[in-house]
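Written below as structure tokens is the structure these notes are about.
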Amino acid sequence: MLIGLYVFARRQRLSFGDGSWKPGLAVGVLFSLEYLLLGEALRFTSASHTVVFLYTAPVFASLLLHFLVPDERMAPLQWAGIGLAFGGIAIAFLLPSETADTNNGPLILWGGLLALLAGAAWGATTVVVRTSCLAHVSAEQTLLYQLVAAFVLLLMGAAALDQLAINPTPLALASLAFQAVIVSFAGFLVWFWLLRHYQASRIGVLSFMTPLFGVGFGAWLLNEPIEPGFLIGAVLVIIGITLVSGHGWLKQQMVSRGKTAKGIIADRY
């Protein structure tokens with residue numbers, strides 16, 4: 001509703017006669033699947049585990065785009081990043097934890113797998129947007145496709161899983177308001193304001209900080225233990241994601257520093 005009111009206030013025109021509703025439905029289904037898997041993952045594993053595995057989405061997106069879009073071929077450094085990311089996932093999954101309950105070990109692994117699948121669904125959403133006519137429609141329209149489909153599909157999923165009951169405590173209502181108003185609406189507006197004023201490659205690198213915040217807030221606010229194996233795996237995943245998605249920014253920084261070094265040498269000699 002908030003995004004719809006925002007579009008109406010700006011008098012933006014939404015075009016549905018160009019066939020964009022078909023890939024729009026696809027991204028809506030993937031978006032719904034992502035959040036269904038994410039919600040289920042949080043029932044079995046910690047928030048810090050979930051956020052790290054969820055943010056493997058750029059790895060899955062880059063892999064798919066490499067084979068589907070000729071202009072999206074990955075460089076050797078990006079392949080190295082994918083190797084690091086999947087190596088980190090393997091370590092986080094397989095390295096035994098000293099603090100975890102052995103009876104709950106399979107459930108924790110199941111939660112991590114669900115979070116990883118949620119990341120794959122997010123990555124597939126990116127691929128559909130990049131390879132369809134959604135790449136040429138407004139971001140608001142694409143977001144509306146996802147939100148409307150999620151409203152319908154997740155409501156059906158909640159009914160099927162017998163999760164329609166709501167306990168409207170102050171904490172629950174405050175959490176819902178925070179997610180809806182601050183994260184989904186205000187965060188969306190701030191993100192696109194940043195994209196209009198700064199280079200997309202530089203802004204995109206900031207999103208890699210999300211897993212760090214997830215692990216930090218999980219330990220601070222939820223008292224979640226940070227196992228050494230998971231910590232090592234998480235670091236490798238974050239480095240891998242940075243190499244995959246931040247390749248353009250890293251290359252730009254290297255070129256910029258190279259020009260600066262040449263300028264210094266030229267001034268001296």
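At a threshold of 4.5 Å between side-chain heavy atoms, the hydrophobic network of Ile, Leu, Val, Met, Phe, Trp and Tyr places V244 and V127 in two separate groups. Residues L143 and F8 are members of separate hydrophobic clusters, defined by side-chain heavy-atom contacts under 4.5 angstrom among Ile, Leu, Val, Met, Phe, Trp and Tyr. When the side chains of ILVMFWY residues are joined at heavy-atom separations under 4.5 Å, either directly or via intervening members, L155 and L36 end up in two distinct hydrophobic clusters. No chain of hydrophobic side-chain contacts below 4.5 Å, direct or via other Ile, Leu, Val, Met, Phe, Trp or Tyr residues, connects V148 to L33. Cluster membership for L189 and L144, using ILVMFWY side-chain heavy atoms within less than 4.5 angstrom, is shared.
Distance check: F86 CZ to L116 CG gives 7.0 Å after rounding to the nearest 0.5 Å. Separation of atoms CG (L236) and CD1 (I91) is listed at 5.0 Å; rounding is to 0.5 Å. Put simply, CD on Q78 and CG on L63 are 10.0 Å apart, with the number rounded to the nearest 0.5 Å. Atoms CG and OG1, from L30 and T126 in turn, are 9.5 Å apart once rounded to the nearest 0.5 Å. Atom CG of D71 is separated from atom CG of L68 by 12.5 Å, given to the nearest 0.5 angstrom. Rounding to the nearest 0.5 angstrom, the gap separating the CG atom in L176 from the CG atom in L171 is 11.0 Å.
Put simply, the side chain of Q163 never gets that close to the backbone of A158: no donor and acceptor are under 3.5 Å apart. In this structure, the side chain of T45 does not engage the main chain of A41 through any donor-acceptor pair within 3.5 Å. One N or O on the side chain of T125 and one on the backbone of A121 form a donor-acceptor pair closer than 3.5 Å.
In plain terms, the two heavy atoms of V52 and P211 that are nearest each other are CG2-CB, 4.2 Å. Taking each heavy atom of A149 and V29 in turn, the nearest pair found is CB-N, 4.5 Å. The shortest non-hydrogen separation linking S48 to V51 is O-CG1, 3.3 Å. Nearest heavy atom pair, residue V27 against residue V129, reads CG1-CG2, 3.9 Å. P23 and C133 make their closest contact through CG-SG, 3.8 Å (heavy atoms, listed as atom of the first residue, atom of the second, distance). Between Y6 and E140, the shortest heavy-atom distance links the atoms CE2-OE2, 3.8 Å.
F230 has its ring centre no less than 6.0 Å from the ring centre of F93.
Taking a 6.0 Å sphere around CZ of R13, one finds it holds 12 or fewer heavy atoms contributed by other residues, nucleotides or ligands. Taking a 6.0 Å sphere around CZ of F185, one finds it holds more than 12 heavy atoms contributed by other residues, nucleotides or ligands. Within a 6.0 Å radius of CG in L222, other residues, nucleotides and ligands contribute more than 12 heavy atoms. Other residues, nucleotides and ligands contribute only 12 or fewer heavy atoms inside 6.0 Å of the CH2 atom of W110.
With sequence neighbours excluded, no residue forms a salt bridge (Lys or Arg N to Asp or Glu O under 4.0 Å) with E224. With sequence neighbours excluded, no residue forms a side-chain hydrogen bond (donor to acceptor under 3.5 Å, both in side chains) with Y55. The side-chain hydrogen bond (donor to acceptor under 3.5 Å, both in side chains) check on Q179 picks up nothing, with sequence neighbours excluded.
Using the six-membered ring where Trp is involved, H49 and F53 have ring planes that are perpendicular, over 60° apart on the 30 and 60° scheme.
Side-chain contact between S62 and E72 is absent, with no heavy-atom pair separated by less than 4.5 Å. Side-chain contact between L114 and R43 is absent, with no heavy-atom pair separated by less than 4.5 Å. You'll find the side chain of T131 reaches within 4.5 Å of the side chain of L65, heavy atoms only. Side-chain contact between L161 and E40 is present, with at least one heavy-atom pair separated by less than 4.5 Å. Side-chain contact between I108 and F44 is absent, with no heavy atoms from C-beta onward closer than 4.5 Å.
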Determine, step by step, whether L134 and V137 satisfy the side-chain contact (heavy atoms from CB on, under 4.5 Å) criterion, reporting the C-alpha distance in whole Å, the side-chain angles of both residues, the deciding distance to 0.1 Å, and the verdict.
CA-CA 5 Å; L134 291 179; V137 303; 3.9 Å; yes
Begin with the C-alpha distance, continue with both residues' side-chain angles, and end with the deciding distance and a verdict on side-chain contact (heavy atoms from CB on, under 4.5 Å) for L25 and Y145.
CA-CA 7 Å; L25 180 60; Y145 280 134; over 6 Å; no
